[in-house]
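Heads up: the structure comes next, in C-alpha cells.
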Amino acid sequence: MIPALDIDPFCQAFFDDPYPAHAALRDAGPVVYLPRYDIHAVARYEDVRAMLLDWNSYSSARGVGLSDFAKEKPWRLPSLLLETDPPLHDRTRGLMDKVLSPAAIRALREPFARAADALIDRLLACGSFDAVPDLAEAYPLTVFPDAVGMPAENRRFLLPYGNMVFNSFGPRNAFFDAAVADAEPVLAWVQAQSRKEALSSTGFGAVIHAAADEGTFTRAEAEVLVRSLLTAGVDTTVNGLCAAVYCLARWPASFEQLRADPALARAAFEEAVRLESPVQTFFRTTARAVTIGGETIQEGSKVLMFLGAANRDPRRWERPDDYDITRRNAAHVGFGTGIHGCVGAVLARLEGEVVLAALARKVAGIEITAQPKRRYNNTLRGLSSLPVRLTPA
Ligand code: OVV
C-alpha cells in the first residue's frame, strides 16, 4: 500500500516552509502518492538518487514537469537535452559537453574572477544594497551572456524567461500564469537570440552553431540547444549565488572559516547548493511498471523527485539542516546526477567559487538589514530580496 499524503508542493505555504512537509514525505515511505495531482513522489536521498540514475525506467522524453507529453501537447518545442532519452539525448549532450569542456571553462576563470572582484569592490563602496538584484542577479547577467556571446542589450530579459520555464514544470497555477504574463513580452527576443546571426563568433553559441555548419546538427537543432543555455543558465546560478550569500549571512562562523581560508570558496558554494537546493524538484515518467521499496507503480505514471528533500535527508546527512562548509557534500543531488546531471554545473561552480572567494578576501562581515522576501516558483527556490550591509576587511 503506497501511502497517500495531502500535500501540495506547489503552493505558497509549502514554499514558505517546505521542511516539515519534506520530512513527512520522507517518513511516509520510499514512495508516496499525492492525490491532489495524481502523481507519485520520492523524497529520500537513496530513492531520489536511484531514480536519477535509472533513465531506462524513468523517462525524461515525456517531459520533466507535471505535464505528460504523451497526453498533452508540450507548450514549447521540447528541449533536445532535458526532455529527451537516449539515443537522441546522448547526441545532444555530447555536443554540450564539448561546448562546456574543461578547456573552455578554464579559459573563463580569469575574466570571471576579474568580474567578481570588480562587482564586490563596487558593492563594498555602496555598503548597503539588495543582494538579490545587485549581486545574485547582476553577476550571472554579466558573465554568462558574455560567455554565450550575446549582445549587451536587454540581458535582463533572460530572468522573466527562465522564471517562466521553471514555473512551467509545475501545475498551471497562479505562479505559472503570472510568470507567463511577465515573460510574454520577451519571448520573441529570446527566440531571436538563439540564432547564429545574433551571437558573436567566439562564445558557446558559436560553438553550437559550428556543429550545424559542419552538418552534424541541423540549424534548427542548434537554435534549440542555444535556447537551453539561455533558459537554464541564468535563474539557476542567480538562485545558487543568492543561497550562498544567504547562508554566509546566517552562519557568520562559516563566513569566518571562509575568510580564514578563501580556498574553501568552492566548498562553501557547493554546501549552499546542497542546503538550499535552488532546483527543488523535477519529474520523470515511468517507462514501464517499476518497483520502489516493494511497491509497484504502473507504466506512464508521473513521479516527482524532491532533490531538496533528498539533500536534507537525515538518513544520509548528519545535521542535515546545518550549513557546514567543511562537510563531505560532493554526493548531494542539487545538480541532479546520471545522464541528465547538470551540464552547466562546471560553470555554476566557477561563478560560485570566484564570487565567494572575492567576498572572503574583501569582506569582514555580511549583515542582513531587513526581512528577506521569498521568490515563489514551481521549481526554483530563492529570494526576491535580501537586503544586506557589507563591512570591508
Ligand atoms: C535544466 C533545464 C532547465 C530548463 C530548461 C532546460 C534545461 C532546457 O534544456 O531547455
Side-chain angles (χ1 to χ4, degrees), residues 48 51-52 55 58-67 69 74-86 88-100 140 144-145 148 150 157-170 175-176 179-180 183 186-187 189-195 204-205 207-208 211 217 220-240 273 277-285 304-308 333-349 351 377-382:
V48 168
M51 194 167 289
L52 286 166
W55 56 265
Y58 301 100
S59 171
S60 290
R62 287 166 74 165
V64 296
L66 176 61
S67 171
F69 292 178
W75 69 281
R76 58 168 198 162
L77 212 55
S79 165
L80 294 172
L81 211 52
L82 180 74
E83 294 156 337
T84 58
D85 293 331
L88 172 58
H89 168 269
D90 297 352
R91 184 169 150 264
T92 53
R93 176 64 186 240
L95 174 60
M96 296 308 261
D97 282 335
K98 228 173 64 189
V99 170
L100 297 163
F144 183 73
V148 172
M150 295 177 72
F157 290 179
L158 293 173
L159 291 173
Y161 184 74
N163 184 50
M164 175 189 69
V165 174
F166 280 97
N167 267 303
S168 76
F169 299 126
F175 298 117
F176 173 75
V180 169
V186 307
L187 293 182
W189 178 86
V190 172
Q191 176 94 11
Q193 303 314 302
S194 303
R195 296 174 51 82
F204 299 146
V207 181
I208 294 173
F217 286 82
E221 286 176 326
E223 289 178 5
V224 179
L225 287 171
V226 173
R227 188 194 67 177
S228 281
L229 289 180
L230 304 187
T231 312
V234 180
D235 292 60
T236 46
T237 43
V238 165
N239 288 296
V273 174
S277 297
V279 176
Q280 284 277 296
T281 49
F282 269 125
F283 286 86
R284 294 289 188 259
T285 312
L304 181 57
M305 305 178 292
F306 282 94
L307 309 178
V333 289
F335 290 110
T337 190
I339 65 167
H340 285 284
C342 180
V343 71
V346 282
L347 205 54
R349 287 177 171 131
E351 293 182 40
N377 184 288
N378 287 328
T379 301
L380 297 174
R381 177 165 184 79

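Start at 1 and go down the list; that is how both ligands and their atoms are numbered.
- In this view, F157 and N154, V186, W189 satisfy the side-chain contact (heavy atoms from CB on, under 4.5 Å) rule, not counting sequence neighbours.
- Between F204 and L100 there is a side-chain heavy-atom pair separated by less than 4.5 Å.
- Where the criterion is an N or O separation shorter than 3.5 Å, residue side chain and backbone included, S228 meets it with respect to ligand 1.
- Ring centroids of F169 and F283 are separated by 6.0 Å or more, keeping the two rings apart.
- Nearest to atom 5 (C) of ligand 1 among the protein's heavy atoms is T231 CG2, 3.6 Å.
- At the top of the distance list for atom 10 (O) of ligand 1, counting protein heavy atoms only, stands R76 NH2, 3.1 Å.
- Among all protein heavy atoms, the one lying closest to atom 6 (C) of ligand 1 is L82 CD2, 3.7 Å.
- Atom 3 (C) of ligand 1 has F166 CZ, 3.4 Å as its closest protein atom, hydrogens excluded (heavy atom only).
- A tilted orientation is assigned to the rings of H340 and H89, their planes being inclined by 30° to 60°.
- With no hydrogens or angles considered, a side-chain donor-acceptor pair links D85 and S59 at under 3.5 Å.
- Using a 4.0 Å cut-off to heavy atoms of S79, the atoms of ligand 1 that qualify are 8 (C), 9 (O), 10 (O).
- For the pair R227 and ligand 1, the shortest N or O to N or O distance does not fall below 3.5 Å.
- Applying the side chain to side chain donor-acceptor pair (under 3.5 Å) criterion to D235, with sequence neighbours excluded, gives no partner residue.
- Here the heavy atom of the protein found nearest to atom 2 (C) of ligand 1 is A232 CB, 3.5 Å.
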